[in-house]
2 protein chains.
Amino acid sequence: MVERDSDRSVSQTVRAQLSLRDLILSGDLRPGERISELQAVETTGASRTPVRMALVRLEEEGLLEAIPSGGFMVKAFSERDVLDSIELRGTVEGLAARFAAERGVSSRDLEPLKGCLDEIDGLVRQDPISVEAFSSYVALNARFHALLTELSRSPPLIRQVDRASALPFASPSGFVMTQSTLPDARHTLLIAQDQHRVVVDAIENREGARAEAIMREHARVAARNLRLVLRNKTHSDLLPGLALIRMAGD
Amino acid sequence: MVERDSDRSVSQTVRAQLSLRDLILSGDLRPGERISELQAVETTGASRTPVRMALVRLEEEGLLEAIPSGGFMVKAFSERDVLDSIELRGTVEGLAARFAAERGVSSRDLEPLKGCLDEIDGLVRQDPISVEAFSSYVALNARFHALLTELSRSPPLIRQVDRASALPFASPSGFVMTQSTLPDARHTLLIAQDQHRVVVDAIENREGARAEAIMREHARVAARNLRLVLRNKTHSDLLPGLALIRMAGD
DNA sequence: AATGGATTTTCTGTATACATAGATGATCCA
DNA sequence: TGGATCATCTATGTATACAGAAAATCCATT
């Protein structure tokens with residue numbers, strides 16, 4: 001079926017939000033730049049009401065900043081901001097893992113998680129890893145992290161983990177694609193996957209502190225990758241939102 | 001000066017948000033109850049546009065839940081939800097304290113914090129503590145926690161701590177007033193104040209792990225108080241939002 | 001030439017009208 | 001009498017018009 005450029009099945013608000021998010025993450029809208037509602041109306045095709053709605057949601061998402069005199073601007077992030085966001089995500093994921101371990105999980109709950117890990121094993125077995133495999137890894141990794149967080153069985157915590165992962169460079173899978181061009185790409189993925197196995201093992205054995213610690217360390221792999229990407233600025237197109245990161249000298 | 005019921009200096013959106021928040025926290029709007037926009041328009045006096053804006057913001061705040069078919073309903077919280085929210089707040093505050101300790105703070109930055117502590121000391125010195133003193137404690141305690149979080153010098157983290165503290169029963173000062181009627185009220189406040197001193201000491205000496213651990217434990221004082229309040233349901237009017245907590249049997 | 005003020009323009013905040021989708025109630029048939 | 005279907009009605013999503021405020025521009029004066 002031929003899709004119109006505007007799908008009637010989703011609301012104008014959602015459409016405007018997606019459209020504006022793409023514009024921000026791709027760098028078409030520069031950090032610090034004010035987003036005019038009228039301009040947003042032209043680019044998204046929606047009217048002002050849903051556009052305003054989308055802007056409010058994008059502010060909550062962390063991509064926009066309210067201007068005191070009114071309206072919104074694209075937020076700029078320092079390298080430190082991004083590193084802190086990653087550490088924060090690791091911390092709340094760590095709390096989720098600890099809750100899961102302390103409260104116990106049934107083997108039935110662990111099944112999908114272990115299935116995920118087996119699939120990832122299948123991917124990292126190949127050497128070198130193909131670009132398609134990296135793509136699959138991104139999806140599986142996201143799924144693993146989501147399932148793990150849900151093991152906490154804590155809606156408030158799940159909510160906060162989702163919010164902490166909303167920024168693309170803070171999300172668990174944010175830096176996977178950027179790794180794909182690095183020489184020791186497979187090495188990094190093997191380490192990350194080992195950490196996945198360890199945290200599941202810790203949860204199974206109800207080792208809360210261990211589960212928490214390993215998830216924190218797991219996030220620091222992403223921090224390492226961020227530094228690599230920022231040093232050799234190549235392949236920066238693989239990480240949406242990199243345009244929002246302003247280096248110290250800028 | 002006589003204030004009109006509608007202050008022209010703030011926007012209709014903010015006024016509607018404050019008004020609706022009060023209605024929710026006071027229990028006038030029951031958990032699970034759908035909030036009609038038209039009804040909200042009547043009670044707040046604002047028109048539909050700012051009311052809708054306020055509803056979206058209250059959803060982000062965690063007080064409302066979106067209904068799939070459209071609109072919003074008042075969210076209900078289990079006792080476990082609230083305990084988890086408190087633990088979460090303690091965890092992110094702990095991260096802020098660790099950042100402050102690891103990165104170091106100048107004695108100039110610590111001054112307002114220590115001033116805060118001295119003022120609190122003045123309050124808890126009296127025995128028994130007056131209701132007015134409890135009120136002052138709430139304000140000073142909120143100020144201390146805000147200053148402490150800012151010591152992390154991490155905008156993303158400060159943002160998340162604020163969000164984790166947005167729910168009244170998850171906020172650092174949420175249970176202070178409920179304590180005021182309890183027999184060992186002063187005892188609890190003395191312990192909390194000692195923890196305040198310890199975390200400042202840890203930060204001064206750059207003991208990151210210690211600073212983090214004490215902030216986590218500090219939040220658990222609030223968790224203890226929650227259980228007390230829920231067991232003897234008296235004085236529940238001292239905690240706004242208690243109406244949102246649904247016990248297991250309900 | 002630079003600065004201050006006034007004017008114009010553009011933007012956001014708000015109100016409201018309209019359309020569509022969902023909910024509710026009544027009526028008809030089995 | 002119970003269930004299903006249809007109609008009506010209400011509530012939300014969307015579009016747009018209007019007012020006030022902020023920002024930019026231009027002119028005048030020093």
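Naming: A, B, ... by sequence-line order, numbering from 1 per chain. Note that this is a predicted model, so its numbers are computed, not measured.
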Using nucleotides 12-14 of chain C, report all nitrogen or oxygen pairs with the protein that are shorter than 3.5 Å.
from: C/dT12; atom 1: OP1; to: A/Ile35; atom 2: O; distance (Å): 3.4
from: C/dT12; atom 1: OP1; to: A/Glu37; atom 2: N; distance (Å): 3.3
from: C/dT12; atom 1: OP2; to: A/Glu37; atom 2: N; distance (Å): 3.2
from: C/dG13; atom 1: OP2; to: A/Arg52; atom 2: NH1; distance (Å): 2.7
from: C/dG13; atom 1: OP2; to: A/Arg52; atom 2: NH2; distance (Å): 3.0
from: C/dG13; atom 1: N7; to: A/Arg48; atom 2: NH2; distance (Å): 2.9
from: C/dG13; atom 1: O6; to: A/Arg48; atom 2: NH1; distance (Å): 2.8
from: C/dT14; atom 1: OP1; to: B/Gln12; atom 2: N; distance (Å): 2.4
from: C/dT14; atom 1: OP2; to: B/Thr13; atom 2: OG1; distance (Å): 2.9

| field | Non-hydrogen side-chain atoms of B/Ser180 and B/Val131 separated by less than 4.5 Å | value |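 Counting from C-beta outward, B/Ser180 and B/Val131 never come under 4.5 Å.
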| task | Go through the steps to decide whether A/Leu242 and A/Thr178 satisfy the test side-chain contact (heavy atoms from CB on, under 4.5 Å), and finish with yes or no. | result | CA-CA 11 Å; A/Leu242 199 71; A/Thr178 65; over 6 Å; no
| Once you round it to whole Å, what is the distance between C1' of D/dA23 and CE of A/Met73? |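 Between C1' of D/dA23 and CE of A/Met73: 16 Å.
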| query | Going by distance alone, is a donor N or O of one side chain under 3.5 Å from an acceptor N or O of the other, for A/Asp81 and A/Ser78? | reply |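 The criterion, which ignores hydrogens and geometry beyond distance, is satisfied for A/Ser78 and A/Asp81.
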| query | Does any donor atom in the side chain of B/Asp109 or B/Ser106 lie under 3.5 Å from an acceptor atom in the other side chain? | reply |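 Present: a donor and an acceptor within the cut-off.
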What N/O pairs connect the protein and nucleotides 4-7 of chain D at under 3.5 Å? Give each pair on its own line.
none

| Excluding sequence neighbours, so at least two apart, what forms side chain to side chain donor-acceptor pair (under 3.5 Å) with B/Glu33? |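 Per chain and number, B/Glu33 pairs via side chain to side chain donor-acceptor pair (under 3.5 Å) with no residue.
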| said: Quick check against the 3.5 Å criterion: does B/Ser165 have a side-chain atom that pairs as donor or acceptor with the backbone of B/Val161? | reply: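 Here the side-chain-to-backbone pair exists.
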| task | For the residue pair A/His196 and A/Tyr137, categorise the inter-ring angle as parallel (less than 30°), tilted (30 to 60°) or perpendicular (more than 60°). | result |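 Taking A/Tyr137 first and then A/His196, their aromatic rings lie parallel (interplane angle under 30°).
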| message | salt bridge (Lys or Arg N to Asp or Glu O under 4.0 Å), that's the test. Do B/Lys75 and B/Glu61 meet it? Break it down for me. | response | CA-CA 11 Å; B/Lys75 207 190 259 189; B/Glu61 201 173 312; over 6 Å; no
